[in-house]
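Working notes, structure below.
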Amino acid sequence: MDRKQAEIRAAELRRILWENSEKYYVENAPTMSDFDYDHLMHELEDIEKQYPDLQTPDSPTQKVGSDLGPAGGSLSSDRFAQYPHKYPMLSLSNTYNIGEIEDFVRRAEKDLGDVKFTYSCELKFDGTAICLTYRNGRLFRALTRGDGVVGDDVIANVLQIANVPRQLKGSGWPEEFEIRGEILMPYESFDRLNKEREDNEEPPFANPRNAASGSLKLTDPAEVGRRGLMCTLYHIPAQSVSFETHSAALDAAESWGLPVSGERRIVDGIDGIEEYIRHWDIARKYLPYATDGIVIKINELAYQNALGYTAKSPRWAVAFKFQAEEALTELVSIDYQVGRTGAVTPVANLKPVQLAGTVVKRATLNNEDFMRQMDVRVGDYVKVIKGGEIIPKIIDVDRDMRPAGATRPVFPTVCPDCGTPLVKAEDEAKWFCPNIDGCPTQIKGKLLHFVGRKAMNVLAGEATIDQMYNLGLVRTPADFYSLSASRLMMLDGWKERSAQRFLESLHASVNVPFDRVLFALGIRFVGETTAKAVAMGFGNIDAIAQASLEQLQAVPDVGDVIAESIFNYFRDPKHLSVIERLKAAGLQFSIEAAEASSDILAGKTIVISGNFSISRDEMKRTIEANGGRNSSSVSGKTSFLLAGSKPGPEKVKKAQDLGVRIISEEEFFEMLPAGEHVVEDNAEPTLF
């Protein structure tokens, strides 16, 4: 592809990867298989190698995924204290190709020269990452991966996991050290938990990884203890200990009573690595917990240090990921589901089959073109994969088993929910129901989007929205703000406390900032990033409503399609009426004056690191309000590093290496207009 095509594709890939990273790490509800995600990541890496100037500091190729909740959310920072990792928690580069493992071995041998070294082969566990800190032999802290630099302290929950020792045994452990690993939910615990959730009419977890991650972030430690989690540990940062090899460090950890995996093996070269991979590609299916590959590490710690790190992964380790498991089963029927945006998606109902630790009953068929290309028919036996144990997908049809007389399914021409004729644009694969304000499924989808955690963060899930809609209580987002406790008591199972909690969250939502309110409206193609850019570009809802197409297109991240969608949304009187009612309810439809105070930082790209007298989110808003641009990593394009107390050492070093200016919080606020902010000497810092 030429440079222009590469630029467009790179932007699209970054958006898709970050959206799915959020769903994977934060929401524990991934919508993309590991294989597909890794494939797109490798595609982006290839583009950035071909066109280095297209690599951005915030590219997913340069940063690890984060399990920290969004600004103002309750998932993470409102529940747990956050602390910086002593050493960054990076991710591993990975491959599905044994040839690339051979390349890794050849590269290591070339880079290390004429020295003898070994490899540690280990299972790659499919759970959620954890970093334990022991001080004087006692568990002191337990941090999630977070964003790789900062994590949530979930020690109260980790202490409920049976095989994590509160106190080490034996002797010889350092006064303080970190050890990292994975929190897993064994299949037996996973099946029991999902059975309970189904009995309580709660949605089941998609897979053990999601269940483990969600359980680790619960606010009730006793419930965490009841869920049957386990821990396995596999890495002590070399800076923490004085061993010669990785395997010696893990042997010592095991002697101290720590739960270290016993399935690791030390080998001399590629033959031993490949033998280990072949063995576990079969043997893993009989393990009581989920694994998705093999990790190969240089065993000698001195050589690990010699090889060093890239921006997001060590050069001394690589992961080989197994191909997704497959199963053959019968396609019993096809349903056609309508989504929030009106897209109609065909879904195959399958004869239940065991796959990757769970029973698969349904699989997406994507769209009409996919069904036609696959030539799939009811009664066919289809090959299903569940890459990364996420969403099942049909990848092939066994035509030799096709029953006589099987006919091709006919894609509906009208909406299966409201009966409106479907439409499809020339450049789109999906059919849509255009009845956006009258189709019940679309209405409920928009209501659910509006109350979502990343939008208005109101305590209402899918079942609640269904009940409210069916009882005629809500039809538009504005209707939520007219609900009374007595009307809420009409909902099945709701009592005074349930109604009170809902109304409290509804009242709190009036403080949600303008960009999230704009996102909550559910304008097609307007995601979180676009909503923020538009909000910052116009300042208030009336300016957006009156903007021309050309003015909308001038906003960063807004192209022709998005601009047209926003423009048309505000030409509809029904939408304007809802916005007026939401204004009357007190929602934020403008950026406060303090948030748009000057352009003194215009054209500057700023990286922040460390602890400040205000929250990091407030600091970022201050930068944007004064015309600056926030970036997450230091590069040659960084104007300056804003360093609070205890800044990240890697960022400081990189800034020094690149000659990037480093300034303090006091110096930063001296740059801004008078009265912008005063740093109090006794202010309590907010932990990064």
Side-chain angles (χ1 to χ4, degrees), residues 72 340-342 418 434-462 464-491 494 498-528 530-532 534-535 537-547 552 565-592 595:
R340 172 176 68 87
T341 64
C418 69
N435 187 18
I436 60 175
D437 295 313
C439 178
T441 300
Q442 291 189 66
I443 293 172
K444 288 186 285 187
K446 287 180 172 62
L447 293 172
L448 189 62
H449 171 77
F450 182 84
V451 300
R453 180 180 51 77
K454 293 190 290 184
M456 303 308 293
N457 198 26
V458 176
L459 290 178
E462 187 173 358
T464 296
I465 297 299
D466 279 341
Q467 282 198 70
M468 288 181 172
Y469 181 88
N470 294 337
L471 290 170
L473 299 179
V474 290
R475 286 293 184 271
T476 74
D479 295 333
F480 286 119
Y481 296 89
S482 300
L483 292 172
S484 63
S486 59
R487 300 191 82 186
L488 290 169
M489 300 284 280
M490 297 167 59
L491 300 176
W494 279 48
S498 302
Q500 180 184 353
R501 290 179 67 235
F502 173 83
L503 291 173
E504 287 173 351
S505 70
L506 197 67
H507 177 70
S509 73
V510 302
N511 297 314
V512 166
F514 174 37
D515 60 289
R516 280 174 55 193
V517 177
L518 186 61
F519 169 65
L521 293 177
I523 304 171
R524 193 176 180 201
F525 303 125
V526 177
E528 292 174 89
T530 301
K532 189 166 188 175
V534 173
F538 290 94
N540 62 73
I541 195 75
D542 294 330
I544 298 173
Q546 296 163 14
L552 289 166
S565 177
I566 297 172
F567 183 83
N568 290 337
Y569 180 89
F570 287 99
R571 306 280 84 74
D572 190 323
K574 295 189 293 294
H575 297 158
L576 298 179
S577 174
V578 169
I579 289 171
E580 288 304 314
R581 290 177 60 199
L582 291 173
K583 283 183 181 178
L587 272 67
Q588 305 294 314
F589 279 106
S590 66
I591 297 173
E592 296 178 7
E595 293 190 65

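Note that the numbering runs from 1 along the sequence shown for the chain.
Checking side-chain atoms of S577 against main-chain N and O of K574 turns up no donor-acceptor pair under 3.5 Å. Remark: side-chain polar atoms of S509 are not paired, donor with acceptor, to backbone N or O of M456 under 3.5 angstrom. For R516 (side chain) and A455 (main-chain N/O), a donor-acceptor pair under 3.5 Å exists by modelled atom type.
Distance check: I443 CD1 to I436 CD1 gives 10.0 Å after rounding to the nearest 0.5 Å. Rounding to the nearest 0.5 Å gives a distance of 12.0 Å between CZ of R581 and CG of L587. Interatomic distance, OH of Y569 versus CG of L576, reported as 8.5 Å (0.5 Å rounding). With rounding to the nearest 0.5 Å, the separation of CD1 in I544 from CG in L518 is 5.0 Å. Once rounded to the nearest 0.5 Å, the distance linking CG of L582 with CZ of F589 reads 4.5 Å. Atoms CD1 and CZ, on I566 and F525 in that order, are 11.0 Å from each other to the nearest 0.5 Å.
The 12-atom threshold is not exceeded at CD of E462, counting heavy atoms of other residues, nucleotides or ligands nearer than 6.0 Å. By the neighbour-count criterion of 12 heavy atoms within 6.0 Å, atom NZ of K532 is sparsely surrounded, having that number or fewer from other residues, nucleotides or ligands.
Every residue was checked against the side chain to side chain donor-acceptor pair (under 3.5 Å) condition with R501, not counting sequence neighbours, and none meets it. For D437, the side chain to side chain donor-acceptor pair (under 3.5 Å) criterion is met by H575, not counting sequence neighbours. In this structure N568 satisfies the side chain to side chain donor-acceptor pair (under 3.5 Å) test with no other residue, sequence neighbours excluded.
Between Y469 and R475, the shortest heavy-atom distance links the atoms O-NH1, 2.8 Å. Shortest non-hydrogen contact noted between V451 and A460 is CG2-O, 3.4 Å. Heavy atoms only, all atoms of each residue included: M490 and L471 are closest at O-CD1, 3.9 Å. Scanning all heavy atoms of the two residues, the minimum distance from C418 to N435 falls at SG-ND2, 3.6 Å. The shortest non-hydrogen separation linking R571 to A547 is NH1-O, 4.3 Å. Heavy-atom minimum distance, F514 versus S590: CB-O, 3.6 Å.
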Apply side-chain contact (heavy atoms from CB on, under 4.5 Å) to the pair F519 and K454, showing each step before the final yes or no. CA-CA 9 Å; F519 169 65; K454 293 190 290 184; 4.1 Å; yes
Decide yes or no on side-chain contact (heavy atoms from CB on, under 4.5 Å) for S505 and N457, but give the supporting numbers first. CA-CA 7 Å; S505 70; N457 198 26; over 6 Å; no
Please assess I541 against V517 for the test side-chain contact (heavy atoms from CB on, under 4.5 Å), listing each intermediate value before the final yes or no. CA-CA 10 Å; I541 195 75; V517 177; over 6 Å; no
Apply side-chain contact (heavy atoms from CB on, under 4.5 Å) to the pair H449 and L521, showing each step before the final yes or no. CA-CA 8 Å; H449 171 77; L521 293 177; over 6 Å; no
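Residues S498 and L488 fail the side-chain proximity criterion, which asks for heavy atoms closer than 4.5 Å. L447 places a side-chain heavy atom less than 4.5 Å from the side chain of V474.
At a threshold of 4.0 Å, the pair D479-R487 does not count as salt-bridged, since none of the basic side-chain nitrogens sits closer than that to a carboxylate oxygen.
Below 30°, between 30° and 60°, or above 60°: for F450 and F480 the angle between ring planes is below 30°, a parallel geometry.
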